[in-house]
Amino acid sequence: MADDAPRFAPSPVSPAVLDRLKAAVGPGGWSDDPDRLAPKLVEWRDRWRGTTPLLLLPKTVDEVAAIIRLCAETRTPITPQGGNTGLVGGQIPEGEVLLSLEKMNRIRAVDAEDDVLVAEAGVTLAAAHEAAGAAGRFFPLSLASEGSCTIGGLISTNAGGTAVLRYGTMRALALGIEAVLPNGDIHRGLKRLRKDNTGYDLKQLLIGAEGTLGVVTAASLKLFPILADRTTAVAAVRAPKDAIALLGLAKTESGGAVEAFELMGRQGVDFALKNLPGVRDPLAQPSPWIVLIELAGAEPGQTGAGMERLLAKALEDDLIQDAAVAQNDAQAKAFWALREGQSAAQKPEGSAWKHDVATPVSRIAAFIAEATAAVTAFAPGVRVVAFGHVGDGNIHFDVLRPADGDDAAHAALRDQGARIVHDIAMKHEGSISAEHGLGTMKSIEALRYKTPEDVAAMRAIRAALDPHRIMNPRVLF
Ligand SMILES: Cc1cc2nc3c(=O)[nH]c(=O)nc-3n(C[C@H](O)[C@H](O)[C@H](O)COP(=O)(O)OP(=O)(O)OC[C@H]3O[C@@H](n4cnc5c(N)ncnc54)[C@H](O)[C@@H]3O)c2cc1C
């Protein structure tokens, strides 16, 4: 098979197989009602629209196992879906049976002694935060889609978000996983151990597998103490290189209390001010770049003093030109609304090429400068919105059509634009997918950047676990 050939052409699932799948979950465990299916067949940005002959809604791991066993036996392709907030199209079926985890939404345990939360795959991130908080603990993963994205999706995409700098991605936060493997076997790996050196770590294979190696049905997750002392600030910087210097200063001046360090470019801020109701610029003068810094600590007053020291030193060194420190929760939320609205604010502006890249932190400024120059030379008039979790080297580099441009004409250049941006990220020893995964959007593109040896090893693992490629067949290699 050529690497750039279409890799999956769905053949219709027979009515007999559909009947057996329905019987496996019983009444209430499936739907083929177009109205019920509709929201699950379109992606958040409206870029992918899919089809499915059947939506399955299992309530237990045994029901999931029965479904997958049947799919393996009949070689029926199946796509798992959580909250449908993924940004690379992997959760949208194109003819496959659709397996939603929405009914597996129980918190199975919260244990403050072990510092563990055990949640089923369909639990939303917001519900996990709430359950941890009720037990006097903190689950640190934080993303703008937290009201909808689910533990299963977060595990399967190895989600990142705003607190990776301090706590790591989902890979660092999962202690154990329960999953149904592509032959229907159940991996009962809901351990609560910090140490377990007993051979290959199956959970790490499933984390970031985007539904290709099985269905995650539950996970045990690490909890942390609540750091009640928080200070949030925004600062004006002239250029990304100053933001990176500020990050270094923040790490030392705050005594290791930096929890989030986010960057926003002027274009994205202006879109947010124009397109999102209630969003305000927290700084008195428009700044070319804005940094959002959050410090968190245990001692009352610790982070306020740390932030003051940091901002005073940064002003003195001319790294920042202005700053605003949130005086209460409402102000902190308003700062975050500006940052978290960066994607939504682009929607009314027309077609965009979206890139979720990472580079070493030390290369971010060079990447932004080179990528901006290259896409502007390639497509004059495009509007670049660069923002993201620069504290961990992740930048969302979005390229919108010219203000008076045509959506279709801009969309037609998307693949060439991606090639330009990705080549520059890779030149800086980066990644073409920092946190969203490959999905259907980037799986073929990624073959250009992975070594043939790594692709062969990944294909061998997949073929060993899923010889008939029933699990999310259009995703990955
Ligand atoms: C406004 C917004 C902000 C975002 N910010 C961030 C961010 O800061 N950081 C970040 O990392 N992501 C971010 N995302 C992307 C998205 O929220 C994450 O990728 C999230 O992890 C997806 O979870 P989900 O439950 O919606 O999964 P879905 O979108 O339903 O699925 C995503 C992928 O996981 C697979 N999958 C889902 N559930 C399972 C399961 N139980 N078992 C096996 N496979 C499964 C699907 O097949 C698909 O390939 C953002 C999205 C939005 C809309």
Side-chain angles (χ1 to χ4, degrees), residues 39-48 50 58 61 64 68 77-93 96 98-105 119-128 141-164 169-171 173 177-182 187 205-219 260 262 336 339-347 354 356 358 387-389 392 394-396 433-443 471-476:
K40 297 189 182 297
L41 296 176
V42 59
E43 172 262 3
W44 187 77
R45 291 193 296 232
D46 207 9
R47 184 162 166 207
W48 289 275
V61 62
V64 176
I68 299 297
I78 184 158
T79 292
Q81 189 181 92
N84 191 14
T85 66
L87 296 174
V88 288
Q91 71 280 12
I92 303 294
E96 303 95 83
L98 183 60
L99 172 66
S100 168
L101 280 300
E102 72 174 43
K103 291 198 170 174
M104 291 196 65
N105 60 1
E120 290 188 340
V123 168
T124 63
L125 180 56
L141 199 86
S142 172
L143 351 161
S145 54
E146 67 178 33
S148 308
C149 65
T150 62
I151 297 304
L154 294 162
I155 292 271
S156 301
T157 58
N158 182 27
T162 56
V164 169
T169 63
M170 208 54 172
R171 230 177 248 300
L173 296 171
I177 283 179
E178 175 191 89
V180 175
L181 301 175
H187 166 56
L205 263 186
L206 286 151
I207 297 173
E210 301 186 45
T212 61
L213 297 182
V215 181
V216 176
T217 50
E262 304 279 315
W336 274 109
R339 162 60 188 90
E340 293 187 334
Q342 291 289 298
S343 276
Q346 295 172 26
K347 275 191 174 184
K354 303 260 179 178
D356 161 44
F387 67 99
H389 320 299
D392 60 44
N394 179 191
I395 196 90
H396 301 309
S433 180
E435 61 178 7
H436 297 160
L438 295 177
T440 48
M441 180 181 175
K442 294 190 200 166
S443 288
M471 293 300 316
N472 227 356
R474 292 166 300 102
V475 169
L476 301 191

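In listed order, ligands and their atoms are each counted from 1.
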**Student:** Under 3.5 Å, is there a donor-acceptor pair between the side chain of N394 and the main chain of E435?
**Tutor:** no
**Student:** Please write down residue, atom name and distance for the protein heavy atom closest to atom 29 (O) of ligand 1.
**Tutor:** G86 N, 2.6 Å
**Student:** Which of the atoms of ligand 1 are close to L101, meaning less than 4.0 Å from one of its heavy atoms?
**Tutor:** 41 (N)
**Student:** Any N or O on G160 sitting closer than 3.5 Å to an N or O of ligand 1?
**Tutor:** yes
**Student:** Could you tell me whether L154 approaches ligand 1 through its side chain, its backbone, both or neither, with non-hydrogen atoms closer than 4.0 Å?
**Tutor:** both
**Student:** Distance-only, no hydrogens or angles: does the E96 side chain make a donor-acceptor pair with backbone N or O of I78 under 3.5 Å?
**Tutor:** no
**Student:** Between W48 and M441, which heavy-atom pair has the shortest distance, and what is it?
**Tutor:** CZ2-CB, 3.5 Å
**Student:** Could you check atom 4 (C) of ligand 1 against the protein and tell me its nearest heavy-atom contact, residue, atom and distance included?
**Tutor:** S145 OG, 3.9 Å
**Student:** Any side-chain to backbone donor/acceptor pair from N84 onto W44? Under 3.5 Å, distance only.
**Tutor:** no
**Student:** Can you check whether L87 has an N/O within less than 3.5 Å of an N/O in ligand 1?
**Tutor:** no
**Student:** For atom 21 (O) of ligand 1, what's the nearest protein heavy atom and its distance?
**Tutor:** T157 OG1, 2.8 Å
**Student:** Could you check T157 against H436 for side chain to side chain contact (heavy atoms under 4.5 Å, CB included), going step by step and ending with a plain yes or no?
**Tutor:** CA-CA 6 Å; T157 58; H436 297 160; over 6 Å; no
**Student:** List the closest protein heavy-atom neighbour of atom 3 (C) of ligand 1: residue, atom name, distance to the nearest 0.1 Å.
**Tutor:** A144 CB, 3.8 Å
**Student:** Answer side chain, backbone, both or neither: which part of T85 comes under 4.0 Å from ligand 1, heavy atoms only.
**Tutor:** both
**Student:** Return the minimal non-hydrogen interatomic distance between A121 and V216, and the atom names on each side.
**Tutor:** CB-O, 3.2 Å
**Student:** Can you give me the closest heavy-atom contact between E146 and T124, atom names plus distance?
**Tutor:** O-CB, 3.9 Å
**Student:** If I apply the N/O under 3.5 Å rule, does N84 come out as touching ligand 1?
**Tutor:** yes
**Student:** Is it the case that ligand 1 has an N or O less than 3.5 angstrom from some N or O of P80?
**Tutor:** yes
**Student:** Does L143 reach the side chain of L154, with side-chain heavy atoms less than 4.5 Å apart?
**Tutor:** yes
**Student:** Indicate the atoms forming the closest heavy-atom contact of V475 with T212, along with that distance.
**Tutor:** O-CG2, 3.6 Å
**Student:** Looking only at protein heavy atoms, which one is nearest to atom 42 (N) of ligand 1, and what is the separation?
**Tutor:** V216 N, 2.9 Å
**Student:** Can G214 be said to touch ligand 1, with heavy atoms closer than 4.0 Å?
**Tutor:** yes
**Student:** For A144 and E340, work out which heavy atoms get closest and say how close.
**Tutor:** CB-CB, 3.9 Å
**Student:** Please assess T150 against L125 for the test side chain to side chain contact (heavy atoms under 4.5 Å, CB included), listing each intermediate value before the final yes or no.
**Tutor:** CA-CA 6 Å; T150 62; L125 180 56; over 6 Å; no
**Student:** Counting from 1, what ligand 1 atoms have a heavy atom of A159 closer than 4.0 Å?
**Tutor:** 11 (O), 21 (O)
**Student:** Quick test of your reading of the structure: of G152, S156, G208, G437, whose heavy atom lies closest to atom 43 (C) of ligand 1?
**Tutor:** S156
**Student:** Spell out, as yes or no, whether a donor-acceptor pair under 3.5 Å connects the side chain of R47 to the backbone of G89.
**Tutor:** no
**Student:** I'd like to know if the side chain of Q81 reaches the main chain of S100, judged simply by a donor and an acceptor atom lying under 3.5 Å from each other, with no hydrogens or angles considered.
**Tutor:** no
**Student:** Give the atoms of ligand 1, by number and element, whose distance to some non-hydrogen atom of G90 is under 4.0 Å.
**Tutor:** 47 (O), 48 (C), 49 (O)
**Student:** Before signing off on this row, confirm whether H389 and ligand 1 have an N or O atom pair separated by under 3.5 Å.
**Tutor:** yes
**Student:** When you measure from atom 5 (N) of ligand 1 to every protein heavy atom, which one gives the shortest distance, and what is it?
**Tutor:** L143 CB, 3.9 Å
**Student:** Which residue and non-hydrogen atom of the protein lie closest to atom 31 (O) of ligand 1, and at what distance in Å?
**Tutor:** Q91 CB, 3.5 Å
**Student:** Say whether G161 and ligand 1 are in contact under the criterion: heavy-atom distance to a ligand atom below 4.0 Å.
**Tutor:** yes
**Student:** For ligand 1, does T217 get within less than 4.0 Å through its side chain, its backbone, both, or neither, judged by non-hydrogen atoms?
**Tutor:** neither
**Student:** Could you list the atoms of ligand 1 found under 4.0 angstrom from a heavy atom of G153?
**Tutor:** 21 (O), 23 (O), 24 (P), 25 (O), 27 (O), 37 (C), 38 (N)
**Student:** Can you tell me if S145 uses its side chain to pair, donor with acceptor, with the backbone of S148 under 3.5 Å?
**Tutor:** no
**Student:** Taking atom 49 (O) of ligand 1 as the point of reference, which of E102, E210, M471 owns the nearest heavy atom?
**Tutor:** E210
**Student:** Which atoms of ligand 1 have any heavy atom of G211 under 4.0 Å away?
**Tutor:** 43 (C), 44 (N)
**Student:** Taking 4.0 angstrom as the limit and counting only heavy atoms of H436, give me the atoms of ligand 1 inside it, by number and element.
**Tutor:** 12 (N), 13 (C)
**Student:** Which ligand 1 atoms are under 4.0 Å away from a heavy-atom of N472?
**Tutor:** 47 (O), 49 (O)
**Student:** Is it true that the side chains of H389 and E262 contain a donor and an acceptor less than 3.5 Å apart?
**Tutor:** yes
**Student:** Tell me whether Q91 contacts the main-chain N or O of G86 through its side chain, where contact means a donor paired with an acceptor under 3.5 Å.
**Tutor:** yes
**Student:** Using heavy atoms and a 4.0 Å limit, tell me yes or no: is V475 in contact with ligand 1?
**Tutor:** no
**Student:** Pick one: which of L173, T169, L206 meets side chain to side chain contact (heavy atoms under 4.5 Å, CB included) with N158?
**Tutor:** T169
**Student:** Tell me which part of E340 gets within contact of ligand 1: side chain, backbone, both or neither, using heavy atoms under 4.0 Å.
**Tutor:** neither
**Student:** Tell me: protein heavy atom nearest atom 7 (C) of ligand 1, and distance?
**Tutor:** E435 OE2, 3.2 Å
**Student:** For ligand 1, find out whether one of its N or O atoms is nearer than 3.5 Å to an N or O atom of C149.
**Tutor:** no
